[in-house]
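First up is the structure itself, then whatever we jot down about it.
Note that the structure is predicted; figures quoted are calculated from it, not measured.
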Amino acid sequence: MDEMFKPSRRAFLRGGAAIAAGSVAGSVAAQSADPLITELQDWASYTGAGVDETPYGLPIHFESDVIRRNVEWLTASPISSINFTPIHALDGTITPQGCAFERHHSGAIELSKGDYRLMINGLVDQPLVFTYDDLQRFPRENHVYFCECAANTGMEWAGAQLNGVQFTHGMIHNMEYTGVPLRLLLQEAGLDAAGDFADKWVYVEGADASSNGRSIPMEKALDDVLVAFKANGEALRMEHGYPVRLVVPGWEGNMWVKWLRRVEVTDAAVESREETSKYTDVYENGVARKWTWVMDAKSVITSPSPQMPIKHGQGPLIISGLAWSGHGQITRVDVSKDGGITWDTARLGKQGDTKALTRFYLDTDWDGAPMLLQSRAMDETGYVQPTKEQLREKRGENSVYHNNCIQTWYVNAEGIAENVEVS
Amino acid sequence: MSKSLSSIYLPVFGGIALVSSLAVAVANRGYGDSQINTLKTRLSQVETHEGVARALADENAARVAELETQLQEVQANISAAPAGIGVSEQAPAHDGKLGVGREALPAEIAAWDVDVLPDGRGLPEGSGDVFTGEEVFADKCASCHGDFAEGVDNWPVLAGGFDTLADKDPVKTVGSYWPHLSTVWDYVNRSMPFGEAGTLSADETYAVVAYILYSNDLVDDEFELTQDNFAAFEMYNKDGFVIDDRPDLEYAEWSVEPCMENCKDSVEITMRATFLDVTPEEGGESVMNDATTSDTPTFTAASTSAADTETPAVSVDGTASTAGIDPELVAAGKKVYKKCKACHAVGEGATNKVGPQLNALIGREFGAVDGFSYSSVFKAAHDEGRVWDEVTLDEFLAKPKAYMKGTKMSFAGLKKEQDRAAITAYLKSIGE
């Protein structure tokens, strides 16, 4: 499945890097005229594809390796499984829907807008049923948010395991959602019956066979939760819950129930399978934390990284990565090239959006020496992304979920990067 | 309104642009400073021109008053808008209701609202004992979870693992980990069996939950679970959970200005992803197919670089062996068949399940089983008269979705050639 990791390809990359590394930094005099410039090329002479050749466009075939990938041995069946966003190959912050990671518990279902129903029941004044068209009549909002699976980086607790940022950090995507605040739908059903909101919950449930359901405290439900039907301007993809999914900003991806069919106001958490057996964090002493909903601040360098070796040799180098926090805005990202001895503050591509991916760059010069690359995010609360050591000290190695440690890539003199742990 | 304004002011100031921008500003409730300034300018213009437009003085005075009101409105709206010009990220709150949507009927609520709370609320009437549960489990669950809920292959283990939660690799099962019995009932009722969710009767669910408790040694074989004794049942790990305490234990400690220079004396690589042999049992196509063995440099506060050594990539590609048909292979195939069992039946009296029965498959036409509703790609293959042989079966099972585009067989395929050879041998050993 993975060309990138086959020895032959690696050898090729290494060869290329070695040649490039041999040349001096800066521009190099051409030995002979470049035929791509001096000769008439087909594309400059013949005509290209007409309009409508692809009524709905896909990336050009040169980009065919920029796709979601899974790690088969992680799960028993692809129907209840996960794959990973190719974040190594993306830039900016928005994740195109077509390569945004998928996580299903009973497979992605085909549910049409016409067959879609959303029920609000439980402790409400009037239980209601909405159709898709009904939802279009409520005032709507647009927000960019990241959605990160709580298990992102989960395979790395006990040690460096997977060689590629797509696999260590790719259970994340970032889209602009259009949707109706859940608050408005709850108000439409009336919340007098709920009484005091302090000990109230909403239980949200999907229409697929897994019937995935999660309990969300009323306070959050009335705050920024969206019932979304568009992502990045177009309909949600089937694999992301078409036609309607829940968006729970800053909180773990499992709560973003897809194919949302029911919202029930309750006076207790349901303690469903997904909030007891799964998505609870076992610590060293065997006790588990539950209701760990917020995704803490985290960052990772996406390039260079194992799937993105440095091919150009020494000289100008862009170190680029992503940072995010479920607590709000990213305010600063620092980058280290020596495994955490010295740090430089990176440039944020733009002011971070709240609970959304922020792109950072360190525009630097590479002297060709090996590097231990790390990034460290800070958010608006002042929280600083911890090292793996700090996390393990608090939680041990058995947590599975919520691993937001600082990641290290070892980049050798040839520009090849590897997932490592450092002292 | 914009129309009447322009008809009045057009002759007076003769500026289409002026009046229309005013009208647009007012009509759009454009809440920016520039608009206010424009309005202010217009107002003063209106005032200074009052003399000139003597014939229209009365009307002008009225218009001035009107514009002043508009201005106040615009200003009021500015303080209400959070940022920018005419921007409101938040959907407006409204008193009362839109009247959109319809009442949910009791029958509809009953159909969908089936979740069960820890105190047992939501349970339907019913009961089931261990003995019945064992039968249901063998029939509907064991193909994936094992006869004793011990889990087949990678499928979830449902029993055992007691007192392992503090171990290096905790075994989290219904018995060792789950804090509430309600969760077992609720999950099995709504989400299992995998691929046929929602088909168990209430009594079957009670019975199978009783059996899972039994296979965890939490009840004896006489046990019967009912709606009445449910809430009193205490799970083994009921006290094993604390509510998120990261704010107390972590956030304060980690929210300090971080070190920027000389943060450590030296740094060494302690572990490399490529050292770990986690090559998957199934498939072998992991991302870790490189193993490197060379030394790596130490980074120190003084010198941040060191000579690097060549890191040769070692392929761990295994070469698959193609074996002939033999009893051992048939036996191996029987094991592989566990992956198919949830959906396909074989043997005497085999009936169609999620997929068609697979008796005497080799030599049989594609999509030929009576009474099974095939997808159109299978129907088309049937119409073409295609027949299953060793080659077609091997290709199909390697990548079902690629080989039969549009098939409704939700199965990723058998990556290992040995597995495909084995299952083929096994299916060949099965007659009509």
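- Counting heavy-atom pairs under 4.5 Å between each of Asp169(B), Leu105(B), Leu117(B) and chain A puts Leu117(B) at the top.
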Take Met119(A) and Ile109(B) through the side-chain contact (heavy atoms from CB on, under 4.5 Å) test and state the conclusion after the steps.
CA-CA 8 Å; Met119(A) 182 185 289; Ile109(B) 297 174; 4.0 Å; yes
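- Side-chain contact between Pro258(B) and Arg332(A) is present, with heavy atoms from C-beta onward closer than 4.5 Å.
- Of the listed residues (Val287(A), Val282(A), Asp296(A), Thr131(A)), the greatest number of heavy-atom pairs within a distance under 4.5 Å of chain B belongs to Asp296(A).
- A salt bridge links Arg289(A) with Glu250(B): the distance from a Lys NZ or Arg NE/NH1/NH2 to an Asp or Glu carboxylate oxygen falls below 4.0 Å.
- Here Asp244(B) does not pair with Lys290(A) in a salt bridge; the nearest charged N to carboxylate O distance is not below 4.0 Å.
- Comparing Tyr177(B), Phe194(B), Trp254(B), Trp155(B) by how many heavy-atom pairs each has under 4.5 Å with chain A, the most go to Trp254(B).
- Neither the backbone nor the side chain of Ser215(A) comes within contact range of chain B, judged by heavy atoms closer than 4.5 Å.
- A 4.5 Å side-chain heavy-atom check between Phe138(A) and Leu98(B) finds at least one atom pair inside the cut-off.
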Check the pair Arg117(A), Trp112(B) against side-chain contact (heavy atoms from CB on, under 4.5 Å), reporting the backbone distance first and the verdict last.
CA-CA 11 Å; Arg117(A) 299 288 183 275; Trp112(B) 274 7; 3.9 Å; yes
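- Only the backbone of Tyr283(A) comes within contact range of chain B, with heavy atoms under 4.5 Å apart.
- Two residues are said to be in side-chain contact when any heavy atoms from C-beta on lie closer than 4.5 Å; Val129(A) and Glu103(B) fail this criterion.
- Ranking Arg376(A), Met378(A), Arg261(A), Glu156(A) against chain B, the residue ahead of the rest is Arg261(A), based on heavy-atom pairs under 4.5 Å.
- Between Val267(B) and Gly339(A) the shortest heavy-atom distance is CG2-O, 3.5 Å.
- For chain B, no part of Ala207(A) is nearby; none of its heavy atoms comes within less than 4.5 Å.
- Interface summary for chain B: among Pro181(A), Ser336(A), Pro386(A), the most heavy-atom pairs under 4.5 angstrom belong to Pro386(A).
- Heavy atoms of Glu205(A) lying under 4.5 Å from chain B belong exclusively to its side chain.
- With sequence neighbours excluded, no residue forms a salt bridge (Lys or Arg N to Asp or Glu O under 4.0 Å) with Glu284(A).
- From Asp208(A), atom CG reaches atom OG of Ser191(B) across 8.5 Å, with rounding to the nearest 0.5 Å.
- A distance of 7.0 Å separates OH in Tyr187(B) from OG in Ser210(A), rounded to the nearest 0.5 Å.
- Using a distance-only test at 3.5 Å, with no hydrogens or angles considered, no donor-acceptor pair links the side chain of Lys168(B) to the main chain of Asn398(A).
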Please evaluate residues Glu253(B) and Lys394(A) with respect to the criterion side-chain contact (heavy atoms from CB on, under 4.5 Å), reporting the C-alpha separation (whole Å), side-chain torsions for both, the decisive distance (0.1 Å), and the verdict.
CA-CA 11 Å; Glu253(B) 192 177 324; Lys394(A) 296 282 186 198; 2.6 Å; yes
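- Taken to the nearest 0.5 Å, the NZ atom of Lys278(A) stands 6.5 Å off from the NZ atom of Lys172(B).
- Between atom OG1 of residue Thr280(A) and atom CZ of residue Phe241(B) there is a gap of 4.5 Å, rounded to the nearest 0.5 Å.
- Residue contact with chain B, scored on non-hydrogen atoms closer than 4.5 Å, involves the backbone and the side chain of Leu391(A) alike.
- For Val116(B), the part lying near chain A is the backbone, with the side chain staying farther off; criterion is any non-hydrogen pair under 4.5 Å.
- A 4.5 Å side-chain heavy-atom check between Leu128(A) and Arg102(B) finds every atom pair outside the cut-off.
- Side chains of Thr342(A) and Cys263(B) form no contact here, defined as non-hydrogen atoms less than 4.5 Å apart.
- Using a 4.5 Å cut-off between heavy atoms, His143(A) touches chain B through its side chain atoms alone.
- Salt bridge present: Arg121(B) and Asp267(A) bring a charged side-chain N and a carboxylate O closer than 4.0 Å.
- Your options are Val384(A), Thr408(A), Asn142(A), Thr266(A), and the one with the most heavy-atom pairs under 4.5 Å with chain B is Val384(A).
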Are Arg273(A) and Trp178(B) close enough, and set up right, to give a side-chain contact (heavy atoms from CB on, under 4.5 Å), and what steps lead you there?
CA-CA 8 Å; Arg273(A) 184 250 188 177; Trp178(B) 292 33; 3.5 Å; yes
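- With chain B as the partner, the residue from Tyr383(A), Phe130(A), Trp293(A), Trp291(A) showing the most heavy-atom pairs under 4.5 Å is Tyr383(A).
- The side chain to side chain donor-acceptor pair (under 3.5 Å) check on Asn121(A) picks up Arg262(A), Asp113(B), with sequence neighbours excluded.
- Among the candidates His180(B), Glu108(B), Arg246(B), the residue making the largest number of heavy-atom pairs closer than 4.5 Å to chain A is Arg246(B).
- Looking at Met260(B) and Thr345(A), their side chains come closer than 4.5 Å, going by heavy atoms from C-beta outward.
- With chain A as partner, the option from Met192(B), Glu257(B), Arg190(B), Glu261(B) having the largest number of non-hydrogen pairs under 4.5 angstrom is Arg190(B).
- For a residue to count as touching a neighbouring chain, one of its non-hydrogen atoms must lie under 4.5 Å from one of that chain's; by this rule Pro179(B) touches chain A with the side chain only.
- For chain A, the nearby part of Val256(B) is the backbone; its heavy atoms alone come within less than 4.5 Å.
- Glu421(A) and Arg272(B) are not joined by a salt bridge, as no carboxylate oxygen comes within less than 4.0 angstrom of a charged side-chain nitrogen.
- Counting heavy-atom pairs closer than 4.5 Å to chain A, the top residue among Thr183(B), Leu165(B), Val242(B), Leu249(B) is Val242(B).
- Ion pairing between Glu188(A) and Lys97(B) fails under the 4.0 Å rule for side-chain N and carboxylate O.
- The distance from the NE2 atom of His327(A) to the OG atom of Ser255(B) is 8.5 Å, given to the nearest 0.5 Å.
- Using a 4.5 Å cut-off between heavy atoms, Ala297(A) does not touch chain B at all.
- In this structure, the portion of Arg395(A) lying under 4.5 Å from any heavy atom of chain B is its side chain and not its backbone.
- Using a 4.5 Å cut-off between heavy atoms, Val400(A) touches chain B through its side chain atoms alone.
- Distance check: Ile341(A) CD1 to Asp265(B) CG gives 8.0 Å after rounding to the nearest 0.5 Å.
- For Val294(A), the parts lying near chain B are the backbone and the side chain together; criterion is any non-hydrogen pair under 4.5 Å.
- With chain A as the partner, the residue from Asp186(B), Ile243(B), Asp167(B) showing the most heavy-atom pairs under 4.5 Å is Ile243(B).
- Heavy atoms of Glu196(B) lying under 4.5 Å from chain A are absent altogether.
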